[in-house]
Chemist: 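Pasting a structure here, questions to come.
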Amino acid sequence: MIEKKKGYIQLPPLPEELDGGLVHVLWEYAKLPEAERTVTFKQFWELANADRGKAADDTEVYHVDPENVADFLESIRRVVAGLFREAIGLSQYVYEECFVKGNSLEEIMPDDPRTQEAITAVYMLYMDDKKADQSDEVTS
């Protein structure tokens, strides 16, 4: 009978309000073999610190064994998908409340548990698009 080696993973202290999906990403990262963990960290570090336009062009791509990082990448995919769903929901909420129902930004703030900065940012994006559409109409 082959005895399986028992290993232990020590995560650093994490804030209790940290999203469970991010905790899962950290857990999967901690479980990566050391070589893949080093390469993965290096890749994400370069992407995080690259200028926006240069990230795709100038960032070196490091290759890892896909089987070794599959669970880690799946957990990242789930977190990113959740962020997209949340962003779309927030965008839909702001658009419907402000531009369909005609409520002011101040009126929708107390009713929504999301942060005021996120709601304001989405609102400003819609206002920028609205101004661009109006200037297109004037120049046509």
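Every value quoted in this text rests on a predicted model; they were computed, and no experiment measured them. The basis for the numbers below is simple: all heavy atoms, side chains too, and nothing from hydrogens, waters or symmetry mates. Residues take their numbers from the sequence shown, with the count starting at 1.
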Chemist: State whether the side chain of T38 and the backbone N or O of E34 hold a donor-acceptor pair below 3.5 Å, judged by distance alone.
Modeler: yes
Chemist: Which atom names give the shortest non-hydrogen contact between R37 and L32, and what distance separates them?
Modeler: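 Nearest pair, atom of R37 first, then L32: NH1-O, 2.9 Å.
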Chemist: Is a donor on one side and an acceptor on the other found under 3.5 Å between the side chain of Y29 and the backbone of H24?
Modeler: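 Not a single qualifying donor-acceptor pair exists.
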Chemist: Compare all side-chain heavy atoms of V39 with those of F44 and state whether any distance is below 4.5 angstrom.
Modeler: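 Counting from C-beta outward, V39 and F44 never come under 4.5 Å.
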Chemist: So how far is it from Y93 OH to C98 SG, rounded to the nearest 0.5 Å?
Modeler: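 Between Y93 OH and C98 SG, I get 8.0 Å after rounding to 0.5 Å.
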Chemist: If you take all heavy atoms of L11 and W27, which pair is closest and at what distance?
Modeler: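 Scanning both residues completely, I find the closest heavy atoms to be CD1-CE3, 3.8 Å.
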Chemist: Got a donor-acceptor contact below 3.5 angstrom from the E107 side chain to the S104 backbone?
Modeler: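 Answer holds: yes.
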Chemist: Rounded at 0.5 Å granularity, tell me how far CD1 in I108 sits from OG1 in T120.
Modeler: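 Separation between the atoms: 8.5 Å.
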Chemist: First locate atom CD of E86, then atom CG of D19, and finally report the distance between them rounded to the nearest 0.5 Å.
Modeler: 8.5 Å
Chemist: If you take all heavy atoms of N103 and E97, which pair is closest and at what distance?
Modeler: ND2-OE1, 2.7 Å
Chemist: Can you tell me how far apart CG (L26) and NZ (K31) are? Round to the nearest 0.5 Å.
Modeler: 12.5 Å
Chemist: With a 4.0 Å cut-off on N to O distance, would you call R78 and E74 a salt bridge?
Modeler: yes
Chemist: In Å and rounded to the nearest 0.5 Å, what is the CD1 to CD distance from I119 to E106?
Modeler: 11.5 Å
Chemist: Would the distance check show the side chain of S75 and the main-chain N or O of F72 forming a donor-acceptor pair, the cut-off being under 3.5 Å?
Modeler: yes
Chemist: Hey, would you say the F99 and Y123 ring centroids sit under 6.0 Å apart?
Modeler: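 Yes; Y123 has its ring centre under 6.0 Å from that of F99.
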Chemist: Report yes or no: do L125 and I88 belong to one cluster of Ile/Leu/Val/Met/Phe/Trp/Tyr joined by side chain heavy-atom distances under 4.5 Å?
Modeler: no
